[in-house]
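As the structure lists them, so they are numbered: ligands from 1, and atoms in each ligand from 1.
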Amino acid sequence: MTRAALLAAGRDALARAGIGEAKEEAERILENVLKASKAALFLDAAKEVAPEAERHFLRIVEERKTRKPLAYLLGEACFGEEILEVSDRCLIPRPETEILVEALAKQLAPEREFSFLDLGTGSGAIAIALMRKFPLSKGTLSDISEEALGIARRNLGRYGLENRALLKRGDLFGAFAGEEPWDVVVSNPPYLSEGDFRNLQPELAFEPRLALDGGTDGFDFYRRIIPEARRYLKPGGFLALEAGAGQADQVSKWLQGAGYDNILRFKDYLGFDRVVMARINEGLNGKTYH
Ligand code: GLN
């Protein structure tokens, strides 16, 4: 079959299975199978695809019809400017999480030297994007899942960042008793509620529940992170959290109640307050930030 015919067959099969962006996905699959750019797919649309590659393409299309996310089938996902390894042992990085990175980029100069902790790092997406935006930053990446940390480690390796990063396994701050405080604590914690799980997109069922499940009302992790993070932040330090759609009010209230200042919110592409950021002006040891 020619490239054009194969793309059309893939697109139609995906569309029949109810996949919204069938054309784009068929293109991404063929790009990945042929290791060719999108431009090349179209320039050489009449070129015959070798039988082995054709089988490979159709195998991925078949599997995608089960609603397994494309990122897992291809083993990689785009996050901002990065292409990261992913597997079904970690959450697939989402475009809205880029807002968390951008929110910090609005507060900190690119040449700023700082330390950060990424709680529940998963594939390492947030930490890697931060380290690439801030060449003088140093990151601690933690996750409760050893397998996720393995993926994060390989992603750090892809970008030559291992020597600026420390990986630690643990349940939120559980891994860090007596540790030096950080300048920034950042997290995209699991935040889906029980109700959200009843209306899941089929793709979400393939992702680790551990990375999505925020308890009955979805807020379990904010209840723990907000009070605890104070002890792990330097005076003047930032706590930056992604929040689920409709959760930002509650998260802001808790931040205020716990003594954080300068609470800021950032909207996602759909207009939801997606990121809440706050500052600790006075450290627990009484030191004040100026
Ligand atoms: N943004 C994800 C979703 O709704 C949830 C990620 C999370 O729980 N942090 O698909």
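- Of all protein heavy atoms, the one lying nearest to atom 3 (C) of ligand 1 is Arg94 NH2, 3.8 Å.
- Remark: side-chain polar atoms of Asp220 are not paired, donor with acceptor, to backbone N or O of Thr216 under 3.5 angstrom.
- Between Arg224 and Asp171 there is a salt bridge, since at least one side-chain N of the basic residue sits less than 4.0 Å from a carboxylate O of the acidic one.
- Here's the thing with Arg274: none of its N/O atoms is less than 3.5 angstrom from an N/O atom of ligand 1.
- Under 4.0 Å is where a charged nitrogen must lie from a carboxylate oxygen, and between Lys267 and Asp273 at least one such pair does.
- Only the side chain of Leu204 comes within contact range of ligand 1, with a heavy atom under 4.0 Å; no backbone atom does.
- The closest approach between Gly218 and ligand 1 stays at or above 4.0 Å for every heavy atom of the residue.
- Using a cut-off of 4.0 Å between Lys/Arg side-chain N and Asp/Glu carboxylate O, Arg28 and Glu21 are scored as not salt-bridged.
- The side-chain tip of Arg164 does not point at the ring of Phe134 from less than 6.0 angstrom away and within 45° of straight on.
- At distances below 3.5 Å, at least one donor-acceptor pair connects side-chain atoms of Ser187 with backbone N or O atoms of Leu119.
- By the criterion of a heavy-atom distance under 4.0 Å, the side chain of Glu96, and not its backbone, is placed next to ligand 1.
- Given atom 4 (O) of ligand 1, the protein heavy atom at minimum distance is Leu192 CD2, 3.7 Å.
- In terms of N/O distances under 3.5 Å, ligand 1 is approached by Pro189.
- Regarding atom 1 (N) of ligand 1, its nearest protein heavy-atom neighbour is Tyr191 OH, 2.8 Å.
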